[in-house]
Amino acid sequence: MPLSWLTVLGAGMVVLHFLQKLLFPYFWDDFWFLLKVVLVGIRLEKYKKRGELVTVLDKFLSHAKRQPWKPFIIYEGDIYTYQDVDKRSSRVAHVFLNHSSLKKGDTVALLMSNEPDFIHVWFGLAKLGCVVAFLNSNIRANSLLNCIRTCGPTALVVGADLLGTVEEILPSLPEDISVWGMKDSVPQGVISLKEKLGTSSDEPVPRSCHVVSCLKSTCLYIFTSGTTGLPKAAVISQLQVLRGSAALWAFGCTADDIVYITLPLYHSSGAILGISGCVELGATCVLKKKFSASQFWSDCKKYDVTVFQYIGELCRYLCKQPKREEEKDHKVRLAIGNGIRSDVWREFLDRFGNIKVCELYGATEANISFMNHTGKIGAVGRTNFFYKKDEPMRNEQGWCIHVKKGEPGLLISRVHAKNPFFGYAGSYKHTKNKLLCDVFKKGDVYLNTGDLIVQDQDNFLYFWDRTGDTFRWKGENVATTEVADVIGMLDFIQEANVYGVAISGYEGRAGMASIILKPNESLDLEKLYEQVVTSLPAYACPRFLRIQEKMETTGTFKLLKYQLVKEGFNPLKISDPLYFMDNLKKSYVSLTREIYDQIMLGEIKL
């Protein structure tokens, strides 16, 4: 009798397993991943009930006591232990305590390249309870001034290699900002922070200086990339840093991992996911001043790297490198980041070995994120019955509706007390412009991420495009990444940056592509014409081409479009070679002043 019950039970388990695999194939993947998410929330609630608000800085200080001799940062062969970073950052804090009027809550702007002192200054200022604004080390002149004015700092700390950049704008800086340089010899009007560090105390700073009363208090300002306009200072709370620091752990990283960070620390990926992520784990970080495709795998082998952070372009650059024997001779098991294209993803795995690519989605300022915990190629994450997303479109009555599966939709996230949007520093209009009101019912508020996302039949999510990078022509939406990918398939094209340009008398914007040719390759205008007309709908084919020698990008390799859009296709204002799509000649032809005038007068119809 018992045997028959066991048989029935066993058969039932097999049937249930089969049904689960058939109907809910990702159930256990989702369950275990979301269990981790819940655990993070429980841990935060536990701290709150104890009356403790534990920040990433508190976790770092705990590691410095518990494992003082463990390497925290490895930089150009030098090792900085948790204790080293603790003491050096305390020296920074004491300099400002003794030689400035800096107080808790003040903002300090930080303009430094990737180097250990970036972290020393960041943590030192955090020990004083200051808000630290990370400035993009690539920007200059008016853009830099705009960023400084936006975040309203009391002080500005500058790396030795960037003092020249600041010297250019010193006369234009507000008088109440003190400027500190990480160098012994500094320009007039700058205080040498490095000199004062030599005599500063490394004693611990009282916790009362940095203890927080609310996790929603501002911790950092991180600037948006400014691909379509001037950068904005996103307000980053202590809570956002804590959540971001859990990403490495959620993907399966441990204290034994060695994480390679080549992304700029002024960006949220490098600072929050990377450095704060290592703090969360108590792990070791190998920091690189600047990404180098040629040195990447040799660095991974040299430092026994097990995890690295990426953005899509980084992986593409690696795939474009000449093949080497040692490129599979490494210990890397995880790659964590965002923006990798499906074709690059496949090529990367085929070429560099058994590395799990952990793609995620999230913007610096957003209150929503997704993580691809299953490893599904091309996806940024997935929805399930535990966790839903919203991608609304406005109907004729002005209310929003959900797009169907398989269709691109605007990703928005509801804003409420438990899921706040902290907005931007400076003018409130920037924050207001990111919010949608009265979306599904009167009074509701949603964050507009500006991203188009597609959900497939299995509930996997795929990044489609940025709404700012999507333009409308002939009544249709044109996805710039799709057009750029088609052009990039040609063997003589190194890079393509696609955008829309306004033309008087036409609704929407006509497509234009800025192109860089591969070294020693020539431009084949007929082949390019054939490629776009056979691969793209007519409305998506670029009407204009611009050939450039160099493409302007952000520090995270995002292509800048703002200036290109502004300059348009006027041959009188642009010295680069310009071409126009001629359907009669089935080729692109040189865009002369005569053709330009005919377009502007409406004599040539587009």
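Note that the numbering runs from 1 along the sequence shown for the chain.
One finds the CG atom of L263 at 9.5 Å from the CG atom of L273 (value rounded to the nearest 0.5 Å). Atom CD1 in I222 sits 11.5 Å away from atom CG in L135 (nearest 0.5 Å). One finds the CZ atom of R543 at 7.5 Å from the CH2 atom of W473 (value rounded to the nearest 0.5 Å). One distance of note links SG of C358 with CG of L334; it measures 5.0 Å at 0.5 Å rounding. Taken to the nearest 0.5 Å, the CZ atom of R149 stands 4.5 Å off from the CG atom of L145. Taking CD1 of I311 as the reference point, atom OG1 of T262 lies at 8.0 Å (rounded to 0.5 Å).
The environment of CG in N354 is sparse: at most 12 heavy-atom neighbours from other residues, nucleotides or ligands sit within 6.0 Å. Within a 6.0 Å sphere centred on NZ of K405, other residues, nucleotides and ligands contribute more than 12 heavy atoms. Taking a 6.0 Å sphere around NZ of K432, one finds it holds 12 or fewer heavy atoms contributed by other residues, nucleotides or ligands.
The closest side-chain heavy-atom distance from F569 to L591 is below 4.5 Å. Using a 4.5 Å heavy-atom threshold, the side chains of V532 and Y588 count as touching. Using a 4.5 Å heavy-atom cutoff, the side chains of S113 and L162 are in contact. Side-chain contact between Y499 and V501: present, with at least one pair of heavy atoms (C-beta onward) separated by less than 4.5 Å. Between L144 and L111, some side-chain heavy-atom pair lies under the 4.5 Å cut-off. Taking 4.5 Å as the limit, every side-chain heavy atom of V589 sits out of range of all side-chain heavy atoms of Y579. Between R546 and M512 the shortest side-chain heavy-atom distance falls below 4.5 Å. Within the 4.5 Å cutoff, the side chain of N497 has heavy atoms near those of the L564 side chain.
Closest approach of C541 to M581, counting heavy atoms only: CB-CE, 3.7 Å. Taking all atoms of both residues into account, the shortest heavy-atom contact from A496 to A484 is O-CB, 3.7 Å. Shown here for P322 and E327, the closest heavy-atom pair between the two residues is O-OE1, 4.1 Å. In this structure, F291 and Y317 approach most closely via the heavy-atom pair CE2-CD1, 3.7 Å. When every heavy atom of I487 is checked against every heavy atom of P542, the shortest pair comes out as CD1-CG, 4.0 Å. The minimum heavy-atom distance between F308 and V332, with the atom names listed, is CD2-CG1, 3.7 Å.
No donor-acceptor pair closer than 3.5 Å links the side chain of Q531 to the backbone N or O of M489. At distances below 3.5 Å, at least one donor-acceptor pair connects side-chain atoms of R351 with backbone N or O atoms of C319. Side-chain atoms of Q309 come within 3.5 Å of backbone atoms of S269 as a donor-acceptor pair (strictly under, hydrogens ignored).
Using a 3.5 Å distance cut-off with no hydrogens or angles, the side chains of N583 and Y529 do pair a donor with an acceptor. One side chain, D299 or Y260, offers a donor N or O that lies under 3.5 Å from an acceptor on the other. With hydrogens and angles left out, the side-chain atoms of S514 and Q548 include a donor and acceptor closer than 3.5 Å. In this model, a donor atom of one side chain and an acceptor atom of the other lie less than 3.5 Å apart for S292 and S294. There is a side-chain donor-acceptor pair under 3.5 Å between K288 and Q295.
One finds a salt bridge joining E495 and R316 here, because a Lys/Arg side-chain nitrogen approaches an Asp/Glu carboxylate oxygen to under 4.0 Å.
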| task | Before giving the answer on side chain to side chain contact (heavy atoms under 4.5 Å, CB included), spell out for R414 and V445 the whole-Å C-alpha distance, their side-chain angles and the decisive distance to 0.1 Å. | result | CA-CA 6 Å; R414 194 175 169 207; V445 179; over 6 Å; no

| said: Would Y221 and I236 count as a side chain to side chain contact (heavy atoms under 4.5 Å, CB included) here? Give the steps. | reply: CA-CA 6 Å; Y221 290 127; I236 309 297; over 6 Å; no

| said: If you apply the rule side chain to side chain contact (heavy atoms under 4.5 Å, CB included), what do you find for M112 with F134, and how did you get there? | reply: CA-CA 8 Å; M112 296 182 79; F134 295 159; over 6 Å; no

| task | Before giving the answer on side chain to side chain contact (heavy atoms under 4.5 Å, CB included), spell out for D491 and I493 the whole-Å C-alpha distance, their side-chain angles and the decisive distance to 0.1 Å. | result | CA-CA 6 Å; D491 55 11; I493 302 292; over 6 Å; no

| said: Checking D485 against R341 for the salt bridge (charged side-chain N to carboxylate O under 4.0 Å, His left out) test, could you report, in this order, the C-alpha distance in whole Å, the side-chain angles of both residues, the deciding distance, and whether it holds? | reply: CA-CA 10 Å; D485 288 349; R341 294 188 333 219; 3.2 Å; yes

| request: Tell me, with the steps shown, if D161 and K289 meet salt bridge (charged side-chain N to carboxylate O under 4.0 Å, His left out). | output: CA-CA 12 Å; D161 58 333; K289 189 173 184 71; 3.4 Å; yes

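H330 pairs in a ring-ring contact (aromatic ring centres under 6.0 Å, His included) with only one of the listed residues (Y303, F296, W297), which is W297.
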Using atom types as modelled, flag every donor-acceptor pair under 3.5 Å from a side chain in residues 596-606 to any protein atom, sequence neighbours excluded.
from	atom 1	to	atom 2	distance (Å)
Y596	OH	N570	ND2	3.4
K605	NZ	G602	O	3.2

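The ring of F544 has its center closer than 6.0 angstrom to the ring center of F580.
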